[in-house]
Participant: 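This structure is in structure tokens; I'll ask about it shortly.
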Amino acid sequence: MASSSSSNDLQQVLAPLYQRASEAEDRLARLEAALATKQDSGYQDLLKKFDELKLNLEDARTLQDSEREKVLKEVQQLASENAKLQYRIIHLVRALEEANSKTTSN
């Protein structure tokens, strides 16, 4: 019987602790619910901002790609023009050298 008595004593000692734990769990559940409601609203705002930023990034990338294509075309045109001008310079220098050699030989 002593063990039954000590078991009852232990339950009486633990009963207030169980009560406090249960109340704490209830408070925590209410706080989590309140926080979830606030977070849902904030979360939706964050999602909206994220989507806006994502669209802005996509627009910026599209613009960047377009600008890159324009620049590449311009670089190709300039390289082609440069090659033509270098070709002309070579021929002009040759013609000048020939003219100089003709004038000096006469």
Participant: Is it the case that more than 12 heavy atoms not belonging to Glu52 sit under 6.0 Å from its CD atom?
Facilitator: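 It does: Glu52 CD has more than 12 such atoms within range.
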Participant: Flag the pair Lys48 and Asp45 as a salt bridge only when some basic side-chain nitrogen lies within less than 4.0 angstrom of an acidic carboxylate oxygen.
Facilitator: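 Result for this pair is no, no salt bridge flagged.
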Participant: Distance alone, cut at 3.5 Å: any donor-acceptor contact between the side chains of Gln77 and Glu81?
Facilitator: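 Their side chains do not contain a donor-acceptor pair, so the 3.5 Å distance test is not met.
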Participant: Working to the nearest 0.5 angstrom, can you tell me the gap between Arg30 CZ and Asp26 CG?
Facilitator: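 Reported value, rounded in 0.5 Å steps: 6.0 Å.
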Participant: Please lay out, stage by stage, how Val71 and Val75 fare under the test side-chain contact (heavy atoms from CB on, under 4.5 Å).
Facilitator: CA-CA 6 Å; Val71 168; Val75 166; 4.2 Å; yes
Participant: Whether the side chain of Thr62 engages the backbone of Glu58 through a donor-acceptor N/O pair (distance < 3.5 Å, no angle test) should be reported.
Facilitator: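 Present.
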Participant: Knowing that exactly one of Arg68, Glu69, Lys70 qualifies, which makes a side chain to side chain contact (heavy atoms under 4.5 Å, CB included) with Ser66?
Facilitator: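 Of the listed residues Arg68, Glu69, Lys70, the side chain to side chain contact (heavy atoms under 4.5 Å, CB included) partner of Ser66 is Lys70.
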Participant: Got a second to check how far Leu85's CG is from Ile90's CD1, nearest 0.5 Å?
Facilitator: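 Result: 11.5 Å between the selected atoms.
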Participant: So, Ser22 side chain and Gln19 main chain: donor-acceptor pair closer than 3.5 Å or not?
Facilitator: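 Not a single qualifying donor-acceptor pair exists.
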Participant: Roughly how far apart are Glu98 CD and Leu96 CG, rounded to 0.5 Å?
Facilitator: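 These two atoms lie 10.0 Å from each other.
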